[in-house]
Visitor: 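Next up is a structure, given as structure tokens.
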Number of protein chains: 2
Amino acid sequence: MTTQQLVNEIRKKKSFLCIGLDVDLTKIPQHLLKEEDPIFAFNKEIIDATHHLCVAYKPNTAFYEAYGLKGWKALEKTINYINEKHPEIFTIADAKRGDIGNTSTMYAKAFFEDLSFDSVTVAPYMGKDSVEPFLAFENKHTIMLALTSNQGAFDFQTKTIEGKELYKQVLETSKSWKNSENLMYVVGATKAEYFSEIRKIIPNSFLLVPGVGAQGGNLQEVCKYGLSENIGLLINSSRGIIYASNKNDFAAAAAKKAEELQNQMAEILN
Amino acid sequence: MTTQQLVNEIRKKKSFLCIGLDVDLTKIPQHLLKEEDPIFAFNKEIIDATHHLCVAYKPNTAFYEAYGLKGWKALEKTINYINEKHPEIFTIADAKRGDIGNTSTMYAKAFFEDLSFDSVTVAPYMGKDSVEPFLAFENKHTIMLALTSNQGAFDFQTKTIEGKELYKQVLETSKSWKNSENLMYVVGATKAEYFSEIRKIIPNSFLLVPGVGAQGGNLQEVCKYGLSENIGLLINSSRGIIYASNKNDFAAAAAKKAEELQNQMAEILN
């Protein structure tokens, strides 16, 4: 998917909501555990109930890998279902990968080719030659961690490195990498005051923003400082939506939560 | 496996060699492609031919994920084969994972419980609460990236952050994390002159050292500055060993290369 197609979809749906499909078998409605593939059964109902309200889905690979082969199969079925039923929806493999050159290419193939995701999240610690292999894939997007929403972000990311915080160095440096137009960035909503600084470095790049809702981030604040000309934001909510209820009505409850966020987004876009 | 068990094994075998099982289907002997599971078939022969020469095996997960479900199955079969046949060998899932708290726990479960690896590699960018969930597992080891062997290591890792290079900050900071005795670190062999500095910060921790051989690192140099009282080094070689030949004799050729390294190690240990 091209960035322009994503922007068009946002304008059409009046939504820049991304729903995180982080399926924990201890949290889903217990009746689903009788299904042959409870993870996919859960995702399918969530997708059926929410696809008109969001522009992106983001399975975090940890939740699939934890269930081994069955989990990987559920991930494959989930991405295939989205791509077949809703090809207009942007898909993010939240995998936070990163390795040396040829090994990064293997990861890129795993997510862009084998699983046909539109994008994958990556970690910046190993630098340019660990990220450029992902950027080489046309119409695929690489979403690099910049400033994350957890407490540990203050351990290294906000420390000053040669006169500038590490996360700013990461943003700045990555602009010179080959095919950097395929880069997006992860910036946590819990640090809304940082968005205006970030926009000075990357005025137009898309930002994937976790931390609204469960982690306490504020949508209005993030939009105030983070919106760009082409919108440039994907706001993610996972637990706040998919675990709105753990009863039979879980899909409807998820849709209700998603709609609340989408309504706020429509207002902001108007 | 406890660290002491690993040290005992090193002394017994006179080897601190780790063999990287990074299986690329375009590089293995073509006759194996007829097998039902060519990746596992390759690994099985390599393991059968080299297990007496090394103390650790390290599959890099990228090479398995790139082949989707089949790849994940091959990874599962490989770790099960090692654990059944050679439980004394230390196993490393080279996955370079890292995520927010509860999600890191899911990754830890994937590698420590579902796949029963002794250790997993992680990335430090997201800080303390992304790594501590891994450290909570008893007799499991978390190998954190410190100074990697690629060119991109100079993008951020060696930059000065509050008076000290980032990789040193990472080493220093991680010492205060809960259960930090379960930490090991990745330090590339291509930067041998850094080892004496690193040993000042972490005198006894085990270091996983890639980059000997194919990437140009020198074993003697690394040992000169990197050996600790309890040895404290695992030297990894992947391509240099497993792709020594792509003919029918590939396993014997791999054993020969492994033996060359093991002989050098035995000499150093004497």
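Chain naming here is simple, since letters A, B, ... match the order of the sequence lines and numbering starts at 1 in each. Both backbone and side-chain heavy atoms feed into the values below; hydrogens, waters and symmetry mates do not.
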Visitor: How close do Lys96(B) and Gly98(A) get, heavy atom to heavy atom, and via which atoms?
Guide: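 That would be CD-O, 3.3 Å.
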Visitor: State whether the side chain of Tyr125(A) and the backbone N or O of Ala146(B) hold a donor-acceptor pair below 3.5 Å, judged by distance alone.
Guide: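 Here the side-chain-to-backbone pair exists.
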Visitor: Is any side-chain heavy atom of Thr103(A) closer than 4.5 Å to one of Phe63(B)?
Guide: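 Yes, their side chains come closer than 4.5 Å.
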Visitor: Just so I know, are the side chains of Lys73(B) and Trp72(A) near enough to count as touching, which here means a heavy-atom distance under 4.5 Å?
Guide: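 No, their side chains stay 4.5 Å or more apart.
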Visitor: Evaluate the side-chain proximity of Gln157(B) to Met126(A): yes if any heavy-atom separation is below 4.5 Å, no if none is.
Guide: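 Side-chain contact under 4.5 Å: yes.
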Visitor: Name the region of Val131(B), side chain, backbone, both or neither, that has any atom closer than 4.5 Å to a heavy atom of chain A.
Guide: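 For Val131(B), there is no contact with chain A at all, as no heavy atom is under 4.5 Å.
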Visitor: With a 4.5 Å cut-off on heavy-atom pairs, point out which of Thr121(A), Val170(A), Leu75(A), Leu115(A) contacts chain B the most.
Guide: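 Counting heavy-atom pairs under 4.5 Å, the top option is Val170(A).
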Visitor: Taking Asp24(A), Thr148(A), Asp22(A), Asp94(A) one by one, which has the highest count of heavy-atom pairs under 4.5 Å against chain B?
Guide: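 Of the candidates given, the most pairs with chain B belong to Thr148(A).
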Visitor: Report which part of Thr61(B) has an atom under 4.5 Å of a heavy atom belonging to chain A: side chain, backbone, both, or neither.
Guide: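 Looking at Thr61(B), backbone and side chain both touch chain A.
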Visitor: Is the number of heavy atoms from other residues, nucleotides or ligands under 6.0 Å of Lys70(A) NZ greater than 12?
Guide: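 Open: at most 12 neighbouring heavy atoms sit under 6.0 Å from NZ of Lys70(A).
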Visitor: Under a 4.5 Å heavy-atom cutoff, which of Gly163(B), Gly68(B), Gly101(B) has the most pairs with chain A?
Guide: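 The residue among Gly163(B), Gly68(B), Gly101(B) with the greatest pair count is Gly68(B).
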Visitor: Considering only heavy atoms, which portion of Leu145(B) lies under 4.5 Å from any heavy atom of chain A: side chain, backbone, both, or neither?
Guide: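 Both the backbone and the side chain of Leu145(B) come within 4.5 Å of chain A.
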Visitor: Verify the neighbour count for atom NZ of Lys168(B): are there more than 12 heavy atoms of other residues, nucleotides or ligands below 6.0 Å?
Guide: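 Counting other residues, nucleotides and ligands, NZ of Lys168(B) exceeds 12 neighbours.
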Visitor: If you draw a 6.0 Å radius around CD in Glu138(B), do more than 12 non-hydrogen atoms from other residues or ligands fall strictly inside?
Guide: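 No.
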Visitor: Which region of Phe111(B), side chain (C-beta onward) or backbone (N, CA, C, O), has a non-hydrogen atom less than 4.5 Å from a non-hydrogen atom of chain A, or is it both or neither?
Guide: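 Side chain of Phe111(B) only, per the 4.5 Å heavy-atom cut-off to chain A.
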Visitor: Looking at Glu36(B), I want to see if its CD is surrounded by more than 12 non-hydrogen atoms of other residues, nucleotides or ligands under 6.0 Å.
Guide: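 No - once you tally the heavy atoms of other residues, nucleotides and ligands closer than 6.0 Å, there are 12 at most.
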Visitor: Chain B: which of Ile161(A), Asn102(A), Leu166(A) shares the most heavy-atom pairs with it under 4.5 Å?
Guide: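 Option with the top pair count is Ile161(A).
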Visitor: State whether the number of non-hydrogen atoms from other residues, nucleotides or ligands found under 6.0 Å of Lys140(B) atom NZ is greater than 12.
Guide: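 Result for NZ/Lys140(B): enclosed.
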Visitor: If you tally heavy-atom pairs under 4.5 Å against chain A, which of Gly127(B), Ala62(B), Ala110(B) wins?
Guide: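 Looking at each option in turn, the highest pair count goes to Ala62(B).
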Visitor: Among Phe154(A), Tyr107(A), Tyr167(A), Tyr64(A), single out the residue with the greatest number of heavy-atom pairs under 4.5 Å to chain B.
Guide: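 Of the candidates given, the most pairs with chain B belong to Tyr107(A).
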Visitor: Calculate, to the nearest 0.5 Å, the distance between atoms CG and CD1 belonging to Asn60(B) and Ile100(A) respectively.
Guide: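 Rounded to the nearest 0.5 Å, the CG-CD1 separation comes out at 9.0 Å.
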Visitor: Given side chains that start at C-beta, do those of Glu65(A) and Glu65(B) come closer than 4.5 Å, heavy atoms only?
Guide: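 When only atoms from C-beta onward are counted, Glu65(B) and Glu65(A) do touch, with a gap below 4.5 Å.
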Visitor: Using non-hydrogen atoms and a 4.5 Å limit, figure out which bit of Thr173(B) sits close to chain A: side chain, backbone, both or neither.
Guide: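 Contact with chain A is through the side chain of Thr173(B) alone.
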Visitor: More than 12 non-hydrogen atoms from neighbouring residues, nucleotides or ligands closer than 6.0 Å to NZ on Lys178(B), yes or no?
Guide: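 Atom NZ in Lys178(B) is not crowded, with 12 or fewer foreign heavy atoms closer than 6.0 Å.
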Visitor: Does this structure show an ion pair linking Asp155(A) with Lys128(B), if we count only N-O contacts that are shorter than 4.0 Å?
Guide: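 Salt bridge flag = no for Lys128(B) with Asp155(A).
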Visitor: Do you know which of Lys159(B), Glu132(B), Gln151(B) has the most heavy-atom pairs with chain A at a distance under 4.5 angstrom?
Guide: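 Top count of heavy-atom pairs under 4.5 Å with chain A: Lys159(B).
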Visitor: So which residue, Gln169(B), Arg97(B), Lys109(B), ends up with the most heavy-atom pairs under 4.5 Å with chain A?
Guide: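 The answer is Arg97(B).
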Visitor: Is it the side chain or the backbone of Glu162(A) that comes within 4.5 Å of chain B heavy atoms, both, or neither?
Guide: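 Looking at Glu162(A), backbone and side chain both touch chain B.
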